[in-house]
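What follows is one structure encoded as structure tokens, with my remarks underneath.
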Amino acid sequence: MEYHHRDIEKKWQAYWAKNKTFKAEDDSTKPKYYVLDMFPYPSGAGLHVGHPLGYIASDVVSRYKRHRGFNVLHPMGYDSFGLPAEQYAIQTGQHPKLTTEQNIKRYREQLDKIGFSFDWDREVQTSDPNYYKWTQWIFIQLFNSWYNPRVNKAEKIETLVAVFEKEGFKGNEHDILTGDIEKELALFTAAEWKNFDEKKRSEVLMHFRLAYLGEAYVNWCPALGTVLANDEVKDGVSERGGHPVERKLMKQWSMRITAYAQRLLDGLDTIDWSESLKEAQRNWIGRSQGCSIRFKSLDGKSPEHDIEVFTTRPDTLFGVSYLTLAPEHELVDMITPPTHRDEVNAYVTYAKNRSERERMADVKKVTGVFTGAYAIHPFTNEKIPVWIGDYVLAGYGTGAVMAVPAHDERDHAFAKHFGLPLKQVIELPKGWDLQKASYDEKKGKVINSDFMNGMEVVDAIKECIQRIENHKFGKGQINFRLRDAVFGRQRYWGEPIPIYYKDGIPHAIPENELPLTLPEVDKYLPTPDGEPPLARAEGWKYKGQYEYELTTMPGWAGSSWYFLRYMDPHNTKEFADKKHMDYWQNVDLYIGGSEHATGHLLYVRFWTKFLKDMGLIRVDEPAKKLINQGMIGGVSKIVHRVNGTNKIVSRNLKDNFETTAIHVDIGLADGDSIDIEGLKKWRDDFHNAEFILEDGQLFASSEIGKMSKRWYNVVNPDDLCEKFGADSFRLYEMFLGPLTESKPWDTKGIEGVSRFLKKLWRLFANEGKWLVNDEEPSKPEYKALHKCIKRVTEDIERYSFNTVVSTFMICVNELSDLKCSKRKILEPLIIMLSPYAPHIAEELWEKLGHQHSIETAGWPELEESHLVEDSFAYPISFNGKMRFNIDMSLSLNAQEIEKIVLSHADTQKFLEGKPVKKVIVVPRKIVNIVV
RNA sequence: GCCCAGAUGGCGGAAUUGGUAGACGCGCUGGUCUCAAACACCAGUGCCCUCACAGGCAUGCCGGUUCGACUCCGGCUCUGGGUACCA
């Protein structure tokens, strides 16, 4: 009859597994609810207390929704392809598959101890050939598709072939988008298309495919021996490992995510994700509206030497004092006269050799060179000098800008450095010194600008674009910062790209021959001549003769569609059955970390939109609502050693010495006090240490940071589940603070929720006696319960998981004070508690005589009548007047309020027998009494 | 630099639409139990003054709106996150 969490938790975890309590039904008359966690990469370190936070929150919602009558899909799986297992393989020779299996086993053990309500029959692993078969299949669909801007969606490549057969390719004027590489593609007629050989046709189509092989500047990481996507590079170094990254021109498989830029942007308005995350995606997509403007070459006769710039500020067109080209710009060579050739070549070489990281490190350093060439201003026909500067990026817009030093900060810095003139074309605010800083605001009247004079900036922009288009100097244009995503990785442990080459032409593997499984290799390193590890696979050729593509897919491939596979995970005929996908649609609640804002969460939206275009799914977005859980920080403990000695000094005495800080294991600390005997055993060099104590104790300092082995501050969930129980652990993780907030972990606090569970248990049974009875509850008992029902229900609905725990505690404290052990009160209470503390709830539910799992119980109904306050009004201020706050839910009229207020004990006290002059009832909720 | 979020006791945090600020938990103090300790239980605990009552001050800083502001408005400071020559 005592509460033994170990026995109880083991018992119910086994019960749930045996009875498949959490199995989701694929056809049900119940409404569906899909709760998804971002599946983990199974790393060797196992879980620490930060990882399960989001899983516990999603589990609470899942269990709550089941009580509410929903058919809940709550699956879990593993994102099991990835770098660490491969790095480990390189070091030890152990196959990454083996490492991954071991890690998954460990993860599963840890997860099971926490008592999640996952439907494990639906587990997926991205490295399983039965799974990646369909990742490869989707890749082939992307390869066989193009984005048709005329209907604004992706279509089969055959429809493009049909266009070419009928119209040929007339370029962008005829609204056939091609993405970044359009410049390289020459126009052709329908007749020419028909004469192209297979190779030429393949090359042309490659400019349109959504998964394509193209030459582009990529982030090359020499240390990892692979390319990386933009979101995998942070501050010029690789996100994993922190190795330097270079820009390199390479032929690579890429995803034409840019085709979806506008739709990815628009879709954000339809989903309930946090504003900060949506902003991050908006910035990453980076839409900017402006226009292109062509500056003619000096002689006016060589149109191929015209320089096209992109600007969002055509209103400043009359303020241009020079043009700037990116060092990599193709025109640099063509327009530079012999007189300036040496200087220009020297600069271009310098700029190329400057690594990305250097460039980022000293952004402020202005470098550039004059080409010696000039262009013609389209409206004034002035001679405009053409410069090269590395502040202009080759990859954005046209790789050339019109420089307006008076109204652009970067142009200003460049002009100042090289002594180029400033031309003011916008009225300045009072006291502005153009010599000191440019005026960049899009506000003010335009001056010195011919037809735009006197206009406001916004109007001038519109007018100027209009004129530019009329004169055919250029046209209105929208640019996106978003780049196509590099898709090939020179790595072993990933999905093989299902492509083979015949006569140099890439072909997709026929769908019925998938999966293309990973071949065995002798080593997981690149070959000596720099080919990816897959080149080591002996005799690995399609049909024994054609070369396979040797790169593998990036980590984000498998995770870009896994939410669909959970709907039908064992299907061998399709990636998922349409019937199932029509039922489950998309994720109702998705919980995971915000670090995926511009990676996974953008790619999964991209693939979802693509699959919808293909008519394979119905939904346009993967997740309706998304919550980013905050990080749980680790508190590390630091002891202070006196320099040059082996003396450890307690925290408050350390200022008397020169000391060195040493991180020690968090397990040795009880609060700030350190277990000295434990410390001596913990590390050899402490064995003979002397200690300078205060009050007989050694105190440590604390520091909050990431949880990491390095700081010895990792707290392991298994240990906590063992010591306090999974229910306490779950309650405490939720209790710690708002889910979305970052907060430090404090193991001490778990004792509070542990006490709460013991107290709850004592309401049911105490000193070996079962206390629950069938007596009718009293008014205050009902009130305690229904206050709890109201708050718990409302708070779960608004994802305020931490306040729910407080509400339970308050309710149990009240019932404990009332010595209430009545079934009618306790039964609804443990139903509400079961999402948070399912094991103890199941146990008590069974002891109350129920045959079925508590999961089948309905959610308690709220009876408002139990909540009525005894005193509906309370005084809120004494300031010559007396005011009452009124409970308006009673909807009393003014006379009734006046009567009740005047008879209130506090009013009598306030009046001290004096007569009332006036009672003012303010319509909302205030009553003033004037004496 | 730009964008976003935030700032409440010794600590984590409550306060749902502008209405008794500090719920709940940790920690701390005292008590009961115990030979003793741990556990458990009970009580107290924002700060200042006071034996106590009473009073004064309190939601990063300055100002405004309001009968009333943690909450709304304007201006600052600091912290965390994202992004970085994107024309």
Side-chain angles (χ1 to χ4, degrees), chain A residues 234-236 274-284 286-288 290 309-314 316 324 326 359-360 362-366 389-393 395-404 407-411 413-414 440 479-483 594-595 597-598 628 630-631 635 671-672 702 704 731-732 735-738 740-756 758-759 762 790-791 794-795 797-798 800 802-813 816 874-877 879-886 888 920 922 924-928:
Chain A
K234 296 259 143 76
D235 301 324
S274 77
E275 207 41 53
S276 65
L277 195 133
K278 290 205 251 185
E279 264 316 294
Q281 290 209 347
R282 283 189 194 110
N283 291 338
W284 189 261
R287 183 186 201 268
S288 65
V309 301
F310 174 76
T311 182
T312 57
R313 296 294 304 273
T316 62
T324 316
R359 256 170 93 158
M360 282 180 180
D362 47 18
V363 165
K364 280 171 218 109
K365 188 171 168 188
V366 179
D390 73 351
Y391 77 99
V392 179
L393 303 177
Y396 184 77
T398 60
V401 301
M402 57 176 224
V404 185
H407 303 293
D408 182 280
E409 194 191 332
R410 295 149 306 178
D411 297 339
F414 195 84
D440 297 8
N479 264 338
F480 293 95
R481 205 187 73 112
L482 185 70
R483 295 280 77 106
S594 58
E595 68 271 21
T598 53
N628 293 125
M631 292 255 290
V635 180
D672 287 342
S702 301
I704 294 170
L731 275 164
Y732 186 52
F735 182 63
L736 220 45
T740 51
E741 241 37 58
S742 289
K743 56 243 159 194
W745 178 263
D746 173 18
T747 298
K748 265 268 178 221
I750 197 170
E751 285 170 18
V753 289
S754 175
R755 274 194 275 270
F756 154 74
K758 287 178 195 157
K759 199 165 184 175
R762 283 201 299 274
K790 188 172 186 328
R791 288 201 54 183
E794 283 173 2
D795 287 354
E797 291 283 353
R798 65 184 176 107
S800 175
N802 54 329
T803 51
V804 173
V805 183
S806 302
T807 305
F808 287 139
M809 289 178 174
I810 293 166
C811 184
V812 166
N813 283 340
S816 181
Y874 54 90
I876 54 172
S877 149
N879 187 18
K881 293 179 208 165
M882 183 175 182
R883 301 193 179 88
F884 280 84
N885 199 15
I886 309 295
M888 293 307 279
I920 306 156
V922 180
R924 300 220 59 159
K925 17 178 162 173
I926 304 296
V927 181
N928 291 336

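Just so it is clear: chains get the letters A, B, ... in the order the sequence lines come, proteins before strands, and each one is counted from 1.
- B:rG9 has its base syn relative to the sugar, with a glycosidic angle deviating from 0 by at most 90°.
- Picking from B:rU83, B:rC42, B:rG27 the nucleotide with the shortest atom distance to the side chain of A:Arg481 gives B:rU83.
- Close to B:rC41, at under 4.0 Å from its OP1 or OP2, lies a side-chain N or O of A:Arg762.
- With both pairing distances under 3.5 Å, B:rA69 is matched to nothing as a Watson-Crick or G-U wobble pair.
- Across all strands shown, nothing is found opposite B:rA58 as a Watson-Crick or G-U wobble partner with both distances under 3.5 Å.
- The side chain of A:Thr803 lies closest to B:rA14, out of B:rA14, B:rA40, B:rA87.
- Among the nucleotides B:rG25, B:rA87, B:rA14, the one closest to the side chain of A:Phe735 is B:rG25.
- Taking the C1' atom of each, B:rU66 and B:rG27 are spaced 39 Å apart, rounded to whole Å.
- Residue-level contact check: A:Ser742 touches the backbone only, with heavy atoms under 4.0 Å from sugar-phosphate atoms and none from bases.
- Pairing for B:rA14 is absent, with no Watson-Crick or G-U wobble pair whose two atom distances lie under 3.5 Å.
- The phosphate of B:rA87 (OP1 or OP2) has a side-chain N or O of A:Tyr396 nearer than 4.0 angstrom.
- Of the side-chain N and O atoms in A:Ser594, none sit less than 4.0 angstrom from OP1 or OP2 of B:rG81.
- Taking only side-chain nitrogens and oxygens, A:Arg791 never comes nearer than 4.0 Å to OP1 or OP2 of B:rA23.
- As the counterpart of B:rA52, no nucleotide is assigned, since no Watson-Crick or G-U wobble pattern has both distances under 3.5 Å.
- B:rG6 is paired with B:rC78 under the Watson-Crick or G-U wobble criterion, all donor-acceptor distances under 3.5 Å.
- Residues A:Glu794 and A:Arg798 are not paired through a salt bridge, judged by the lack of any N-O separation under 4.0 Å between the basic side chain and the carboxylate.
- When the nucleotides B:rA87, B:rA14, B:rA40 are ranked by their closest atom to the side chain of A:Leu393, B:rA87 comes out on top.
- With a cut-off of 3.5 Å on both pairing distances, B:rC33 has no Watson-Crick or G-U wobble partner at all.
- Within the structure, a side-chain polar atom (N or O) of A:Asn802 is placed less than 4.0 Å from OP1 or OP2 of B:rA14.
- Across all strands shown, B:rC28 is found opposite B:rG44 as a Watson-Crick or G-U wobble partner, with both distances under 3.5 Å.
- Aromatic rings of A:Trp745 and A:Tyr732 (six-membered ring for Trp) have centroids within the 6.0 Å cut-off, being under it.
- With B:rG27, B:rG12, B:rA87 as the candidates, the nucleotide lying closest to the side chain of A:Lys743 is B:rG12.
- The side chain of A:Asn813 places an N or O atom within less than 4.0 Å of a non-bridging phosphate oxygen (OP1 or OP2) of B:rG25.
- Which of B:rU83, B:rA87, B:rC41 sits closest to the side chain of A:Trp284 comes down to B:rU83.
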Just the atom pairs and distances: protein N or O near nucleotides 2-8 of chain B's N or O, under 3.5 Å.
residue: B:rC3; atom: O2'; partner: A:Glu279; partner atom: OE1; Å: 3.4

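- Between A:Arg282 and A:Glu275 there is a salt bridge, since at least one side-chain N of the basic residue sits less than 4.0 Å from a carboxylate O of the acidic one.
- Looking at the side chain of A:Asp746, the nearest of the listed nucleotides B:rG82, B:rC26, B:rA87 is B:rC26.
- A donor atom on one side chain and an acceptor atom on the other are not found under 3.5 Å apart for A:Ser806 and A:Thr803.
- Look at B:rU83: its Watson-Crick or wobble partner, with both distances under 3.5 angstrom, is B:rG1.
- Set against B:rC24, B:rC26, B:rA87, the side chain of A:Ile810 has B:rC24 as its closest nucleotide.
- When the C1' atom is used for both B:rC62 and B:rA52, the distance is 39 Å, rounded to whole Å.
- The local environment of CD in A:Glu409 is sparse, with at most 12 non-hydrogen atoms from other residues, nucleotides or ligands closer than 6.0 Å.
- Atom name P, nucleotides B:rG10 and B:rU59: the rounded distance is 13 Å, in whole Å.
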